[in-house]
Peer 1: 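This structure is in structure tokens; I'll ask about it shortly.
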Amino acid sequence: MKIHGYRKLGSSRRLAIYLEEKGIEIPFVPVNLMEGEHRTPDFLARNPAGLIPVLELDDGTCIGETVAIARYLEELHPDPPFMGRDPLERARLEMWQRVVEFGVYTQLRAYVRQTSAFAKPLEPVQMPEWGELNKRYAMDSLRMLDAQLANNPFVAGPDFSWADITLATCIQGGRPSNPFELPGTCEHLARWYDQVSRRPSLVATQPD
Ligand SMILES: N[C@@H](CCC(=O)N[C@@H](CS)C(=O)NCC(=O)O)C(=O)O
């Protein structure tokens, strides 16, 4: 098995954190996005969406989409459980994972891609105003998550889970030393972020 992607970057890093938490070792094979390696026929045969990460099994079968990969690995390595122990926990996890992915991740991804110079090779026609609007939407979602964290130690309840990995990597972006500024009123989110960003799995996968 191998993962096409960067251990310390973006969605691939979500997997790397998950692997650290679970104690699973899978090698990462870098894909140079800036040189368009993810748009070559070879790569598109692995994932027609042209996105990393991709999990490649020993028989050549490939799985794209970070959550799908993590779910597959969770079935192979159920202990310790990371995506819920029973139907209710699994549903809660799915709920909050989707809230974060569709309410923060998608918006901050759009913000970075539409407004930063380094993303221009991936987004040749940038629309900065649309990027800024997305950032506002992400901040609204963060305020809602602050309310959830007022009553729960972690995003999906009492345990650190996949939903926390998604949210923490969104906030850190590609630069944990300079994360997105959280809305000033979000004291619970700030408490959660301070705690989660110190976890060994996040520290071990921080970009150099
Ligand atoms: N929904 C996908 C998103 C993955 C994604 O956005 N990957 C980025 C790197 S973090 C990528 O491959 N970007 C290449 C491009 O946009 O051309 C997932 O969760 O795996």
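If you're wondering where the values come from, they're calculated on a predicted model, not measured in any experiment. Reckoned from all heavy atoms, side chains included, excluding hydrogens, waters and symmetry mates. First listed ligand is number 1; within each ligand, the first listed atom is number 1.
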Peer 1: Just which atoms of ligand 1 are under 4.0 Å from any heavy atom in Tyr105?
Peer 2: 3 (C), 4 (C), 5 (C), 6 (O)
Peer 1: Return yes when Arg39 approaches ligand 1 closer than 4.0 angstrom through a heavy atom, no otherwise.
Peer 2: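 Yes, that is the case, since the closest heavy atom of the residue is under 4.0 Å from the ligand.
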Peer 1: Is Arg13 close enough and on-axis enough to Tyr6, meaning under 6.0 Å and within 45°, for cation-pi?
Peer 2: no
Peer 1: Is Gly10 close to ligand 1, meaning an N/O of one under 3.5 Å from an N/O of the other?
Peer 2: no
Peer 1: Check whether any heavy atom of Pro53 sits under 4.0 Å from an atom of ligand 1.
Peer 2: yes
Peer 1: Is it true that Arg198 and Asp194 make a salt bridge, defined as a side-chain N closer than 4.0 Å to a carboxylate O?
Peer 2: yes
Peer 1: Students should be able to answer this: which protein heavy-atom is nearest to atom 5 (C) of ligand 1, and at what distance?
Peer 2: Ile52 O, 3.6 Å
Peer 1: In ligand 1, which numbered atoms sit nearer than 4.0 Å to a non-hydrogen atom of Leu122?
Peer 2: 17 (O)
Peer 1: Students should be able to answer this: which protein heavy-atom is nearest to atom 13 (N) of ligand 1, and at what distance?
Peer 2: Leu51 CD2, 3.6 Å
Peer 1: Within the structure provided, determine whether Leu167 and Leu189 are in side-chain contact (heavy-atom separation under 4.5 Å).
Peer 2: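 Answer yes - side chains close enough.
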Peer 1: Which ligand 1 atoms are under 4.0 Å away from a heavy-atom of His38?
Peer 2: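 Per the distance check, 14 (C), 15 (C), 17 (O).
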Peer 1: Counting only pairs under 3.5 Å, give me each side-chain donor-acceptor contact of residues 30-39, with atom names and distances, residues two or more places apart or in other chains.
Peer 2:
from	atom 1	to	atom 2	distance (Å)
Asn32	OD1	Met34	N	3.1
Asn32	OD1	Glu35	N	3.1
Glu37	OE1	Asn32	N	3.1

Peer 1: List ligand 1 atoms under 4.0 Å from Arg113, heavy atoms only on the residue side.
Peer 2: 15 (C), 16 (O)
Peer 1: Using the ring centroid of each side chain, check whether Tyr18 and Trp162 are separated by less than 6.0 Å.
Peer 2: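 Ring-ring flag for Tyr18/Trp162: true, centres closer than 6.0 Å.
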Peer 1: Would you say Lys22 and Leu19 make side-chain contact, with heavy atoms under 4.5 Å?
Peer 2: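 With C-beta onward as the side chain, the pair stays apart.
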Peer 1: Should one rank Val67, Thr66, Thr169 by closest heavy-atom distance to atom 20 (O) of ligand 1, which comes out on top?
Peer 2: Thr66
Peer 1: With the threshold set at under 4.0 angstrom, would you say Tyr6 reaches ligand 1 through any of its heavy atoms?
Peer 2: no
Peer 1: Could you go through Trp192 and Asn152, starting from their C-alpha distance and side-chain angles, then the distance that decides it, and tell me whether this counts as side chain to side chain donor-acceptor pair (under 3.5 Å)?
Peer 2: CA-CA 10 Å; Trp192 166 89; Asn152 296 279; over 6 Å; no
